[in-house]
Protein chains: 2
Amino acid sequence: MTSQKERQKKTEENIIHALLEAGKNKTLAQISVSDITRISHINRGTFYLHYLDKNDLVNQVTKNFNDKVELILQTEMGDSMDYRYFSKDEPYPVIMNLVDLVAENKELVRFMLGTNGDPEFYPTISKELKTAILNDLKRVKGNNDFSAGIPNEYAIRLITSMIMTIIKTWVDGEGDLTNEMVAKVIMKGLYLSPYEMLGISGNMGNKKGNEKS
Amino acid sequence: MTSQKERQKKTEENIIHALLEAGKNKTLAQISVSDITRISHINRGTFYLHYLDKNDLVNQVTKNFNDKVELILQTEMGDSMDYRYFSKDEPYPVIMNLVDLVAENKELVRFMLGTNGDPEFYPTISKELKTAILNDLKRVKGNNDFSAGIPNEYAIRLITSMIMTIIKTWVDGEGDLTNEMVAKVIMKGLYLSPYEMLGISGNMGNKKGNEKS
DNA sequence: CAATTAATCAACACGGTGTTCATTATATGA
DNA sequence: TCATATAATGAACACCGTGTTGATTAATTG
């Protein structure tokens, strides 16, 4: 029935599941290999047959996810900043694919982005996003700097943090929003200012300045 | 010369300094009490005369900072969303005070917000900001929901993450921006969309929709 | 100078780590 | 089916950081 590889795979799945389970009560740092093996009813020695240590486990799990993110960014990013998507009120394919990926790994993302998770998770994905966005910007606007009074580094970090914040809000929440709804929220996050989102005098601070009084 | 209290205070300052020093190479979780006492040339037993454990140390340090944040938010928030500041191109006093506070504790904030820092640091300040903003919104717009197609929870989290991102970018960077410049960047973050910041067709996705096809 | 308090030092049991080696359980394929 | 791999178990090991204790030294106070 079960091959040797399937047997190993099942053990590793148990280990990963136990990691996420332990993560409900403890920080990643507080979780011990002993915790994981206790929860997964696996011998502690067995753990070390599969992973070098706890860090190795976490690295493999997160790298697996990050690779999928990179794949999406590298293959789908070309369509971003295409105005047609706005006129159709459709999210960029990149965005849609990323959201779908998150949906497929919601528990993992919730844990890793959460207080108990891996502090490296957010920065790693953030950096991937940042690179992809920068490439597209250069393609659209040329190599020069593209600031409206705001240093590039700030502007780009704000975009990535906007995307990450929406995703985090989504996985943290009750999950009532569909994938497409979340993708559309991200799209709005690109062309709406915070005050516009809140319905606060959308034009009071337009770029031309306002000398009403 | 040095009183007993000053003696103790100096020891605690050494401990805190050693914590930040150790944080340059290790995660907060990886830092051991032994690390801290080695760096500060203090007996390990002495550490336990001042703090219950490593967590207690971190909690005291962060709580001290967070209390100052709350004080600013509670005393200065009233002026926020006052249009006059926009017409004068001046940052809200709240923003200015927060930026000044960060400037005074730059190394601490850099560490705590960084990958090696306390995973609770960001969420705690974020929650404080969120509460303050919500209170002001209710004051300005009444108790109802204030969405422009974006759920409230998302919109408010986006504002706080925008502020936090700018602050993190600042403390991470070379520090070339002055306090006032950073405060102004935050102000722009309130009424500019990411695409507007990057100088990308600021009106292509306005709220009325664009059916140019 | 005597009393008080801060800091040091050595020793302790405890718990998790990563490794080892022998043993048991399961799958493979001739 | 049976011998052979290989996956998983179980027990033991030294190592390291923890948090505590009790005795000692150092510094401040009045």
Side-chain angles (χ1 to χ4, degrees), chain A residues 1-64 111 116-120, chain B residues 1-64 111 116-120:
Chain A
M1 302 292 107
T2 54
S3 72
Q4 296 279 57
K5 294 210 171 180
E6 279 167 344
R7 205 181 161 197
Q8 288 191 60
K9 197 179 170 189
K10 197 155 195 172
T11 302
E12 294 184 0
E13 280 170 0
N14 285 338
I15 289 176
I16 294 172
H17 179 262
L19 172 69
L20 297 182
E21 196 60 31
K24 292 176 181 171
N25 308 312
K26 289 185 179 184
T27 298
L28 185 49
Q30 292 169 336
I31 297 171
S32 64
V33 172
S34 303
D35 286 333
I36 294 171
T37 57
R38 261 194 300 268
I39 293 175
S40 54
H41 302 294
I42 277 174
N43 190 274
R44 197 165 64 89
T46 306
F47 179 94
Y48 291 100
L49 293 176
H50 292 264
Y51 304 100
L52 293 175
D53 52 20
K54 188 182 66 179
N55 254 335
D56 185 42
L57 164 65
V58 174
N59 286 342
Q60 285 192 33
V61 172
T62 55
K63 186 173 186 320
N64 180 40
F111 169 59
N116 284 350
D118 180 4
E120 303 276 0
Chain B
M1 297 294 106
T2 56
S3 73
Q4 296 280 56
K5 293 210 171 180
E6 279 168 344
R7 204 181 161 198
Q8 287 192 62
K9 197 179 170 189
K10 197 155 195 172
T11 303
E12 295 185 359
E13 280 171 359
N14 285 338
I15 289 176
I16 293 173
H17 179 262
L19 171 69
L20 297 182
E21 197 58 31
K24 293 176 181 172
N25 308 312
K26 288 185 178 183
T27 298
L28 185 50
Q30 292 169 337
I31 297 171
S32 65
V33 172
S34 302
D35 286 334
I36 295 171
T37 56
R38 261 194 299 269
I39 293 175
S40 55
H41 302 294
I42 276 174
N43 191 273
R44 197 165 63 89
T46 306
F47 179 94
Y48 291 101
L49 293 177
H50 292 265
Y51 304 101
L52 292 175
D53 53 20
K54 187 181 68 180
N55 255 334
D56 184 41
L57 164 64
V58 173
N59 287 341
Q60 285 193 33
V61 172
T62 55
K63 187 172 187 319
N64 179 41
F111 169 60
N116 284 351
D118 181 5
E120 303 277 0

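Protein chains get the first letters and strands the later ones, always in sequence-line order, with residue 1 at the start of each. No hydrogens, no waters, no symmetry mates; every other heavy atom, side chains included, goes into these values.
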Check the phosphate of [N] against [X], side-chain N and O only, distance under 4.0 Å to OP1 or OP2. Yes or no?
X     : N      : value
B:S34 : D:dT18 : yes
B:H50 : C:dA7  : yes
B:T11 : C:dA7  : yes

Next on the checklist: Which nucleotide wins on minimum distance to the side chain of A:Q8, given the candidates D:dA7, D:dT29, D:dG19?
Outcome noted: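 Per side-chain heavy atoms of A:Q8, the pick is D:dA7.
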Checklist entry - Among the nucleotides C:dT19, D:dA7, D:dG10, which one has an atom lying closest to any side-chain atom of A:N43? => result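 Among C:dT19, D:dA7, D:dG10, the one nearest the side chain of A:N43 is D:dG10.
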Next on the checklist: What's A:I42 touching, base or sugar-phosphate or nothing? Going by heavy atoms closer than 4.0 Å.
Outcome noted: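 Touches sugar-phosphate only.
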Checklist entry - If you look at every strand shown and take non-hydrogen atoms under 4.0 Å, does A:T46 touch a base, only sugar-phosphate, or nothing? => result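 Base contact - A:T46 has a heavy atom under 4.0 Å of at least one base atom.
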Item to check | Whole angstrom value for the distance that separates P of C:dT19 from CG of A:L49 | outcome: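 In whole Å, C:dT19 P lies 11 Å from A:L49 CG.
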Item to check | Protein-nucleotide distance (B:K5, atom NZ; C:dT4, atom C1'), rounded to Å | outcome: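 Taking atom C1' of C:dT4 as the reference, NZ of B:K5 is at 15 Å.
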Next on the checklist: Assuming nearest nucleotide by heavy-atom distance, tell me which of B:H41 and B:Q4 is located more 5' along DNA chain C.
Outcome noted: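 Final value for this comparison: B:Q4.
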Item to check | Distance-only donor-acceptor test (3.5 Å): side chain A:R44, base D:dG10 | outcome: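 Such a pair does not exist between side chain and base.
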Checklist entry - Judged by modelled atom types alone, do A:D35 and A:S32 share a side-chain donor-acceptor pair under 3.5 Å? => result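 Per modelled atom types, A:D35 and A:S32 side chains form a pair under 3.5 Å.
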Next on the checklist: Checking the side chain of B:D56 only, and the main-chain atoms of B:Y51 only, is there a donor and an acceptor separated by less than 3.5 Å?
Outcome noted: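 Not a single qualifying donor-acceptor pair exists.
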Item to check | Donor-acceptor pair, side chain of A:T27 and main chain of A:Q30, under 3.5 angstrom | outcome: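 No, the answer is negative, given that no donor and acceptor are paired below the 3.5 Å cut-off.
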Checklist entry - Do other residues, nucleotides or ligands put more than 12 heavy atoms under 6.0 Å from A:H17 NE2? => result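 Atom NE2 in A:H17 is not crowded, with 12 or fewer foreign heavy atoms closer than 6.0 Å.
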